[in-house]
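Following: one structure in structure tokens, then a few remarks.
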Amino acid sequence: MNKRDYLSVLDLAPEETKAVIEEALRYKRGAEYPKVLQGKHLALIFEKPSLRTRVTFEVAVRKLGGSLTYLAPQDIQLGKREPVKDVARNLARWIDGVIARVFEQESLEVLAQYLPGPVINALSDQEHPCQALADYMTIWETVHRWRVRLAFIGDGNNVATSLMLMTAMFGGTFVLACPPGYEPPRTVVEKAQELAKKTGGNIQILHDPKQAVKGADFIYTDVWTSMGQEAEAEERRKVFQPFQVNPELLQEAPEDVKIMHCLPAHRGEEITDDVLESEHSLVFEQAENRLHTAMAILVRVYGGR
Ligand code: CP
Ligand code: NVA
């Protein structure tokens, strides 16, 4: 079998993506999981901090019978202490695969090129595909549909990009409301729009949050300043102020709209405390589902199902 990497939402076909989420739903209901990682050792390479991604993958790897080494940002200084391809060619001699959180998507591509085992994207500046899996699992559990209207309010960042691609894949409607200049990369938007044409989906980029949330099934937001953009934080706080998810914005949305956030949240910035804590909020379901989907993606890439 060819090795499978999961660097982007687009690395799994729509039917495979649904199958991974359905497998995750079975694990959540208590199904036994295959020990596909028995005798295997993985490295978790993290260039940025993490709570959810690190812990869920560590738990998942162990539950599937594997072992792992966590490499923190300062441990190997990916690409600085030595080139990424050299890191990969060393690891290739010792271990069976990598789960990596990086700045540049290209680092993942180089790791994947030089490692015979699978490489999984645990977040890059471009995408967060494992988050999108957990989010669509949460969406399915909530409305039992793959085609939904998802309004993303805020930055056209990695999380927005992966959700845009997955929504396009499933034939849903993705409406991003962001300040001008903060859209996801044009090539990726075009790719999502092309995909949506085939699936009957719809991708819209707007600059008016109130318009974006009209008719929404789900409102999603994420931090205004992603990891690595700290120098822009002050400027971003000003530019994004009209894009806060707060009770006033919720008044423009259907009464039963659900609120999503990948966490960590900056309460009082992109979302108010009352909205995050409200009965509309799904944030801790999303967090729980990171574990079930981490197991299912590992089973898919290592076990072929
Ligand atoms: N949502 C998410 O990826 O959280 P962490 O940064 O804590 O892993
Ligand atoms: N967009 C955020 C997501 C964190 C899970 C970041 O990249 O920092």
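Since the structure is predicted, the reported quantities are computational estimates derived from the model, not experimental observations. In listed order, ligands and their atoms are each counted from 1. Quick note: residue numbers are just sequence positions, from 1.
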Enumerated ligand 1 atoms positioned under 4.0 Å from heavy atoms of His128: 2 (C), 3 (O)
contact_flag Leu263 ligand 1 heavy-atom lt 4.0 Å: yes
Numbered atoms and elements of ligand 1 in range of Leu51, under 4.0 angstrom, heavy atoms: 5 (P), 7 (O), 8 (O)
Approximate separation, where rounding is to 0.5 Å, of Asn202 CG and Arg147 CZ: 11.0 Å
Min heavy-atom dist Thr225 to ligand 2 below 4.0 Å: no
Residue Arg290 vicinity, atoms of ligand 1 by number, heavy atom under 4.0 Å: 1 (N), 2 (C), 3 (O)
Met227-ligand 1 polar pair, N/O distance under 3.5 Å: no
Closest approach of any protein heavy atom to atom 4 (O) of ligand 1, naming residue and atom: Arg52 NE, 2.8 Å
Phe243 ring center near Tyr182 ring center (under 6.0 Å): no
Arg101 neighbourhood, listing ligand 1 atoms whose heavy-atom distance to it stays under 4.0 Å: 3 (O), 5 (P), 6 (O), 8 (O)
Atoms in ligand 1 flagged as close to Cys262, the criterion being non-hydrogen separation under 4.0 Å: 1 (N)
Pair Tyr220, Asp135: side-chain N/O donor-acceptor within cut-off below 3.5 Å: yes
Closest to atom 2 (C) of ligand 2 among Pro49, Ser226, Ser50 (heavy-atom distance): Ser226
